[in-house]
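Accompanying notes for the structure given below.
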Amino acid sequence: MASKESGQAFAPVLAAVATMQGNVPRSEKTQAHEFLEKFQKSIEAWQTTHALLQSPDVPVEAKLFAATTLKGKIVFDLDQLPPDAVVALRDSVLNLLVAFASGPRPIQTQLCVCLASLAIQMLAWKDVLATVGSALGSTAGDCVLEFLKILPEEVTEGRKINLSEDELIQRTKELLEDNAEQVMQLMIGYAQSSPTAATNPRLLDCITSWLREIPASQVVESPLMDVILKALDNDVSFDAGVECMCTLYRDTRDVNESLPIIQALYPRLMALRPKIAENAEAEDIEAFKGITRMFSEAGEAWAVLIARLPGEFRGLVEAVLECCARDWERDAVSLTFIFWYELKQYITLDRYPEARVSLQDIFSQLVDIMVKHLEFPKPEDDDNDHDLFGGDREQEEKFRQFRHQMGDVLKDCCAVVGVPDCLGKIYQLIQQWVANYASQASDDHVPHWQELEAPLFGLRAMGRMVDPEENTVLGQLVPLIVQIPNQEKIRFQAIMALARYTEWTALHPETLEAQLNYVISGFNHGSQEVIQAAALAFKFLGTDCQKLLGGHINQLHSFFESVLDKLKPTSQEEVTEGVAAVVSVQPREKIYESFKMFCDPIMARIMNLANNAQDEEGQRAVADHLQLITIFVQVVTPIVAPDEENPAVKYCGEILPIMTTIVMNFTSSTPILERVCRCWRYMVISYRTAMTPLLPALAQSISSGFEASREGCFLWATDAVVREFSDGAEFVDQSTSDAVYRFYEQQAIAFLRIMNDLPPENLPDVIEDFFRLSSDAVRYYPKMYIGSSLAVPTFSAALSALTLQQTDPLIATLHYYRDLFGFAFEKPMVSGFTSPEGEPYSTPPEVREAVKNLLLSHGELLSQRVLTGMMFTFPGDCFPDASGIMMTMFQLLPQETGAWLQSTLQMLPAGSMKAGEAERLLKSIADKVQSGETRKIRVLLQDFTNSYRRRNVAPRDGLGRLEATRFRFSG
C-alpha cells in the first residue's frame with residue numbers, strides 16, 4: 001500500500017483528474033487541464049505516476065492517466081533522470097507490467113509502450129526480449145504478446161525519440177531485424193502450445209505487427225497460417241484475422257518477387273469464398289465487410305497479376321463482384337472501389353488486351369450492380385417520397401456521397417467495357433421504365449421512380465467518359481430525357497444529366513432547343529433543388545453552346561430579367577455565367593451594347609438595394625449583386641488592338657464612379673467592400689493594359705477606400721495593379737510604371753500608420769494582404785523598393801507580424817522576407833522570378849548590399865522571432881518557410897546568424913533543453929556552414945524545434961480521453 005505521504009503527494013492530481021471527468025463548469029475543467037498538463041512535464045511526475053500506479057485505492061481512470069503520463073515522460077523527458085536511474089526505471093516498469101499482467105488492458109498497453117520506448121533509448125540493453133520474457137514469466141502470455149506487438153510500432157515511430165539518425169538505424173536493427181527469427185519461433189511456440197491461440201486476437205495482432213520484419217513467405221509457410229485462417233471462424237478473433245490477411249497481401253505487392261507465395265496463398269483465400277454467401281444470408285454486416293475487405297485488398301495487391309494471368313485469377317475478381325452484388329446494406333461495397341480502379345488502370349493498358357477482353361463481362365455485370373445500388377430506398381408507404389431515410393439526415397448525406405463514389409466506378413466500367421455498351425444499359429433501363437410505368441405517371445405520382453432516377457444518375461456520372469462526338473446512344477437518350485415526369489428527384493437528376501452533356505449538345509444543335517426549354521421550365525418548379533439544377537445546367541448550356549445561342553441575345557435578356565430575382569445567390573451567379581458567355585461571343589461592335597443591356601439593370605438593383613441596406617442582410621444582397629457584375633468582367637473579354645478602345649473597359653468607366661460611391665457609403669461593410677475590390681481586381685486582370693485610361697481614377701478609388709475602411713481587400717486590389725503595370729511590362733510606359741510604384745508607396749504608408757495604431761492581432765487579414773502586396777513590390781520593383789525609405793519600416797512591421805499565430809498572415813510575412821532576402825544574391829533566389837524582359841537578371845551590387853545591411857541591422861530580432869515561433873507559436877505549415885529564412889541568413893551572414901541563434905537559445909527557460917543539446921545544434925550548424933552544406937541547416941533546425949516543441953509546448957497524451965468520458969475497462 002502506498003504511504004500516507006505519497007497519497008498526499010498525488011492528491012492534487014487525483015482531484016484534477018476527477019474534475020476533468022466530472023460534471024463541473026468549463027472554467028474548472030480548464031484549470032484542471034492546465035494543472036495536469038504542467039504536471040505531466042514536471043520532474044515530480046516520475047515519482048507521482050509510480051505512486052498512483054502502485055496504490056490500490058486509486059481509480060482505474062487515474063491509473064490510466066498515470067500510465068499515459070509515464071509514457072510521455074520516457075519518450076520526451078528521460079534526460080531529467082541521472083543515467084544510473086534509467087535501469088532502475090526499466091525494472092520498475094517491468095514490475096508494474098507484472099502487476100497489470102491481467103489487466104486492465106488500456107493500462108497494460110501504455111506500460112508496454114513505456115517499456116518499448118525505454119528499449120529504444122537504452123542502447124546498452126541488448127537482451128530486451130529475454131529480460132521481458134523472464135520478468136513476465138510463462139503465465140503472462142497475453143502481456144508478452146502485447147509487448148511484442150507494440151515494439152515494432154514504437155521503433156517505427158522512433159523519430160520522436162531524441163536519438164541520432166545513426167543510433168536509430170542501429171537500434172532498429174538490434175531490436176527488430178536481429179530478433180525477427182526469435183519472435184517468429186515464440187509465436188509459433190505459443191500457437192502450438194495454446195489451445196486458444198487461433199481465437200486470441202493478441203497473437204494475430206502480434207503477427208501483423210512483426211510482418212514489418214518477418215517476410216510474408218515465412219508466415220504463409222509456417223503453422224501460423226493455419227492460426228490466421230482459423231481465426232476467421234471466430235467472432236472474437238475475426239477482425240484481427242482479417243487485418244493479418246490484408247497485411248500479408250501488402251507484403252506481396254511486388255508480384256514478380258512474391259509469385260510463389262501468392263500461388264500458395266491464393267487457393268487458401270479462395271477457399272474462403274463461401275463465407276461471402278454465408279455472412280450475407282446471416283445478415284452479419286460486420287463479418288460481411290471483413291470478408292469483402294479481404295478479397296478486395298487481395299485484388300488491389302495483385303491487380304497487375306490479374307492483368308497478366310486473367311484466367312488463373314478470374315475467381316478473385318468474381319469473388320469481389322459477388323461481394324458487391326450481395327451487399328444488401330450497401331455498407332461494404334465501398335471497400336471494393338479502389339480494387340476496381342486499380343484493375344481498370346492495368347487492363348486498359350495496351351499490353352494487357354487479353355485481360356480486358358476476358359474480364360469485360362464482369363465489368364458489364366458491375367454496371368448493372370452499381371446502377372441498382374444507386375437507387376434511393378423505397379419507403380414502406382409508396383406515397384411518402386419525402387422521407388426516404390426515416391429522418392436520419394446523416395444516413396441520407398452518407399448515401400449521397402456514396403453515390404458519387406459509385407459514379408466513379410461506373411467511369412471505370414466505361415473504360416473497360418466501352419462507352420456505347422454502358423450508355424446502352426442506361427438507355428435500356430430508362431426505356432424499360434417508360435414502357436412499364438410512363439402511362440401510369442403524373443406530376444403527383446410517379447410509380448417506382450427510383451428505377452428511373454438511378455440510371456439518370458448513372459448517365460450523369462458517365463459524362464466525363466463520353467466523347468462529345470458520340471453518335472450511337474445519346475441521340476436516342478436525350479429525346480427520352482426531356483419527356484421525363486416532373487417528380488422532384490427525377491426532374492433534378494434529368495436536368496443534372498443534361499448539364500453534363502452540353503459539349504455533346506454543342507455538336508448536335510438539333511437537340512438544343514428541346515433541352516433549353518426543358519431546363520428553362522425547371523426554373524418554375526416548386527423545388528429549390530430543381531431550380532438550382534436548372535441554373536447550373538443553364539450555365540453550362542450558355543458556356544458550351546454560346547455560339548449557337550449568340551443570335552438569341554434579346555430572348556436571353558428577357559429570360560434573365562424574369563428569373564434573376566427569384567434565384568438564390570449561387571444560382572444567380574450560374575445563370576449570369578451562362579448569359580455572360582453568350583455576350584462574350586457577340587461581334588465586337590455589339591459588345592458594349594450587350595454588356596450594358598445586361599449590366600445596367602443589375603447596377604440599378606445594386607443602387608436600389610444600397611439605398612435600403614439598413615442591416616447585414618441588406619448589405620449582403622448588395623454584395624451578391626456586385627458579384628454578378630464581376631462575372632461579366634471575368635467572362636466578357638473582347639480581343640482589341642492596343643491602340644483601340646476596349647468596349648468592356650468603356651462600360652467599366654461608366655460604373656467605376658458608382659462603385660466608388662458605394663465603397664465610401666459602406667466603409668464598415670466587409671462583404672460589400674470585398675466584392676467591389678474583387679470587381680476592380682478583375683477589371684485589371686481581364687483587360688490588362690486596356691485599363692490604362694481608368695488607372696488614375698481606379699488607384700484613387702482604391703486608395704481612398706483603404707484609408708476610410710482599413711480593409712485588406714483594397715491592398716489585394718492594389719496587388720493586381722502592381723503586377724500588371726510593373727516596371728518593363730509589355731505596353732506599359734515608364735511614367736505609368738513609376739506612378740504605380742508611387743501608388744504602392746502610398747498604400748504602404750497608410751498600412752504602416754494603421755500598424756502604429758492597432759496591435760497585429762487586430763489586423764491579421766490586412767497584414768496578410770499587405771505582405772503579399774509587398775512581396776510583389778519587391779519582385780517587380782526590386783531596385784526602387786529596396787533603396788526606398790519604406791524598406792526599414794516595412795521590415796520592422798513584418799517583425800511585429802511574426803508575433804501572430806494565424807497561418808495565412810504568417811506565411812505571407814515569411815514569404816515577404818524570403819523574397820526580400822532573395823535579392824541579396826547575384827542571381828535572385830526568388831521563386832518564379834524573372835526580369836520584366838524575361839532575360840537573365842543580375843541583382844545590382846547596391847541592392848545586394850542594401851539587403852545585407854537590413855539583415856545586419858535587424859537580423860538578431862528576426863532570428864529570435866523566427867526561432868521562437870518555430871519552438872512555441874507557429875502553426876506547422878509555417879515551418880518550411882521559417883526554416884528557409886534561417887537557412888538563407890546562414891548563407892548570407894553565417895557568423896552573425898550563428899551568434900544570434902546562440903543568444904536566442906540562451907534566452908530559453910532553464911531546464912527546457914537537454915544537457916548539451918544547444919551545443920550539439922550549434923556545432924552541427926557550424927559544420928554544415930564550414931562544408932558548404934547550408935541547405936541541410938533547414939533539417940537541423942526543424943528537427944531541433946520539433947523536438948523542443950513536443951517536449952515543452954505540445955500537450956501530452958491522456959488529457960483528451962480524460963475529458964471526453966469515463967472509460968469502461970476489461971481485463
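Quick caveat, the model's predicted, so the values are computed rather than measured. When reading the values below, keep in mind they use all heavy atoms of this one structure, side chains included, and skip hydrogens, waters and symmetry mates.
Salt bridge present: Glu917 and Arg951 bring a charged side-chain N and a carboxylate O closer than 4.0 Å. No salt bridge links Asp927 with Lys936; every basic N to acidic carboxylate O contact stays at or beyond 4.0 Å. Using a cut-off of 4.0 Å between Lys/Arg side-chain N and Asp/Glu carboxylate O, Glu919 and Lys923 are scored as not salt-bridged.
Listed for the Lys73 side chain is a donor-acceptor partner under 3.5 Å among the backbone atoms of Ser42. At least one donor-acceptor pair under 3.5 Å links the side chain of Thr868 to the backbone N or O of Gln864. For the pair Lys149 (side chain) and Leu203 (backbone), a donor-acceptor distance under 3.5 Å is absent. Between the side chain of Tyr249 and the backbone N or O of Met294 there is at least one donor-acceptor pair closer than 3.5 Å. Formation of a donor-acceptor pair under 3.5 Å by the Arg171 side chain with backbone atoms of Met122 is found in this model. One N or O on the side chain of Trp210 and one on the backbone of Leu148 form a donor-acceptor pair closer than 3.5 Å. Under a 3.5 Å cut-off, the side chain of Ser258 and the backbone N or O of Val255 do not form any donor-acceptor pair. Side chain of Lys63 to main chain of Thr49: no donor-acceptor pair is present (N/O by atom type, distance under 3.5 Å, no hydrogens or angles). At least one donor-acceptor pair closer than 3.5 Å links the side chain of Gln108 to the backbone N or O of Ala101. The backbone N or O of Leu204 sits less than 3.5 Å from a side-chain atom of Thr208, completing a donor-acceptor pair.
In this model, a donor atom of one side chain and an acceptor atom of the other lie less than 3.5 Å apart for Ser883 and Gln942. Residues Ser209 and Arg212 bring a donor and an acceptor atom of their side chains to less than 3.5 Å of each other. Side chains of Thr172 and Glu177: a donor-acceptor N/O pair is absent below 3.5 angstrom, by distance only. Using modelled atom types, one finds no donor on one side chain facing an acceptor on the other under 3.5 Å when comparing Glu28 with Thr19. Counted by atom type alone, Lys914 and Gln80 present zero donor-acceptor pairs between their side chains at under 3.5 Å.
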Is there a side-chain hydrogen bond (donor to acceptor under 3.5 Å, both in side chains) between Ser947 and Arg950 once you walk through the steps? CA-CA 5 Å; Ser947 175; Arg950 281 195 296 263; 4.9 Å; no

Determine, stepwise, if the pair Leu941 / Phe879 fulfils side chain to side chain contact (heavy atoms under 4.5 Å, CB included). CA-CA 9 Å; Leu941 287 171; Phe879 277 44; over 6 Å; no

Checking side chain to side chain contact (heavy atoms under 4.5 Å, CB included) for the pair Leu53/Ile107: CA distance, chi angles, key distance, verdict? CA-CA 9 Å; Leu53 287 163; Ile107 298 175; 4.2 Å; yes

Can Gln110 and Lys71 be said to form a side chain to side chain contact (heavy atoms under 4.5 Å, CB included), step by step? CA-CA 7 Å; Gln110 293 299 318; Lys71 175 190 72 175; 3.3 Å; yes

Would Lys38 and Glu44 count as a salt bridge (Lys or Arg N to Asp or Glu O under 4.0 Å) if you check the C-alpha gap in whole Å, the side-chain angles of each, and the deciding distance to 0.1 Å? CA-CA 11 Å; Lys38 189 175 180 181; Glu44 294 76 21; over 6 Å; no

For Met187 and Ile214, what are the C-alpha separation, side-chain angles and deciding distance, and is it a side chain to side chain contact (heavy atoms under 4.5 Å, CB included)? CA-CA 12 Å; Met187 292 190 296; Ile214 300 171; 3.9 Å; yes

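The aromatic rings of Phe944 and Tyr948 are tilted relative to each other, their planes meeting at an angle between 30° and 60°.
The local environment of CD in Glu933 is crowded, with over 12 non-hydrogen atoms from other residues, nucleotides or ligands closer than 6.0 Å. A 6.0 Å sphere centred on CD of Gln31 holds no more than 12 heavy atoms belonging to other residues, nucleotides or ligands. Shown here is Gln263, whose CD atom has more than 12 heavy atoms of other residues, nucleotides or ligands within 6.0 Å. The environment of Leu123 atom CG is dense: over 12 non-hydrogen atoms of other residues, nucleotides or ligands sit within 6.0 angstrom. Surrounding CD of Gln182 are more than 12 heavy atoms belonging to other residues, nucleotides or ligands, all under 6.0 Å away. With a 6.0 Å radius and a threshold of 12 heavy atoms from other residues, nucleotides or ligands, Asn256 has its CG atom above the threshold.
At least one side-chain heavy atom of Gln54 sits less than 4.5 Å from a side-chain heavy atom of Leu96. Arg956 has its side chain within reach of Asp77: a pair of non-hydrogen atoms, C-beta onward, lies under 4.5 Å apart. Tyr190 has its side chain out of reach of Arg202: every pair of non-hydrogen atoms, C-beta onward, lies at least 4.5 Å apart. The side-chain heavy atoms of Pro201 and Asp239, taken from C-beta on, include no pair separated by under 4.5 Å. Here the side chains of Val929 and Thr897 are not in contact, with every heavy-atom distance at 4.5 Å or above. Inter-residue side-chain proximity for Glu174 and Val128 is flagged as unmet; no heavy-atom pair is nearer than 4.5 Å. Residues Phe76 and Asn952 have side chains not in contact (no heavy-atom distance under 4.5 Å, counting atoms from C-beta outward). Contact of the Leu118 side chain with the Leu78 side chain is registered, since non-hydrogen atoms from C-beta on lie closer than 4.5 Å.
Between Met913 and Ala918, the shortest heavy-atom contact is CE-CB, 3.8 Å. Scanning all heavy atoms of the two residues, the minimum distance from Leu111 to Val93 falls at O-CG1, 3.8 Å. Taking every heavy atom of both residues into account, Gly22 and Lys29 meet most closely at O-CE, 3.1 Å. Residues Ala135 and Leu94 approach most closely at CB-CD2, 3.9 Å, considering heavy atoms. The shortest non-hydrogen separation linking Ile150 to Ala116 is CG2-CB, 4.1 Å. Heavy-atom minimum distance, Val75 versus Gln121: CA-NE2, 4.1 Å.
Among residue pairs with one or both ends in residues 220-230, those qualifying as side chain to side chain donor-acceptor pair (under 3.5 Å) are Asp226-Arg268; sequence neighbours excluded.
Taking CE of Met245 as the start and CG of Leu229 as the end, the distance is 5.5 Å to the nearest 0.5 Å. Rounded to the nearest 0.5 angstrom, Lys289 NZ and Leu335 CG are separated by 7.0 Å. The OG1 atom of Thr30 sits 8.5 Å away from the CE atom of Met20 when rounded to the nearest 0.5 Å. Between atom CG of residue Asp142 and atom CZ of residue Phe147 there is a gap of 15.5 Å, rounded to the nearest 0.5 Å. Interatomic distance, Asn200 CG to Ser194 OG, rounded to the nearest 0.5 Å: 6.5 Å. The structure places CG of Leu224 at 5.0 Å from CE of Met184, a figure rounded to the nearest 0.5 Å.
With sequence neighbours excluded, the residues that form a side chain to side chain contact (heavy atoms under 4.5 Å, CB included) with Asn234 are Thr199, Val236, Ser237. Listed by chain and residue number, Asp178 satisfy the salt bridge (charged side-chain N to carboxylate O under 4.0 Å, His left out) test with Lys173 (two or more places apart in sequence, or in another chain).
Only one option out of Ile207, Ile261, Ile228 pairs with Leu248 in a side-chain contact (heavy atoms from CB on, under 4.5 Å); it is Ile228.
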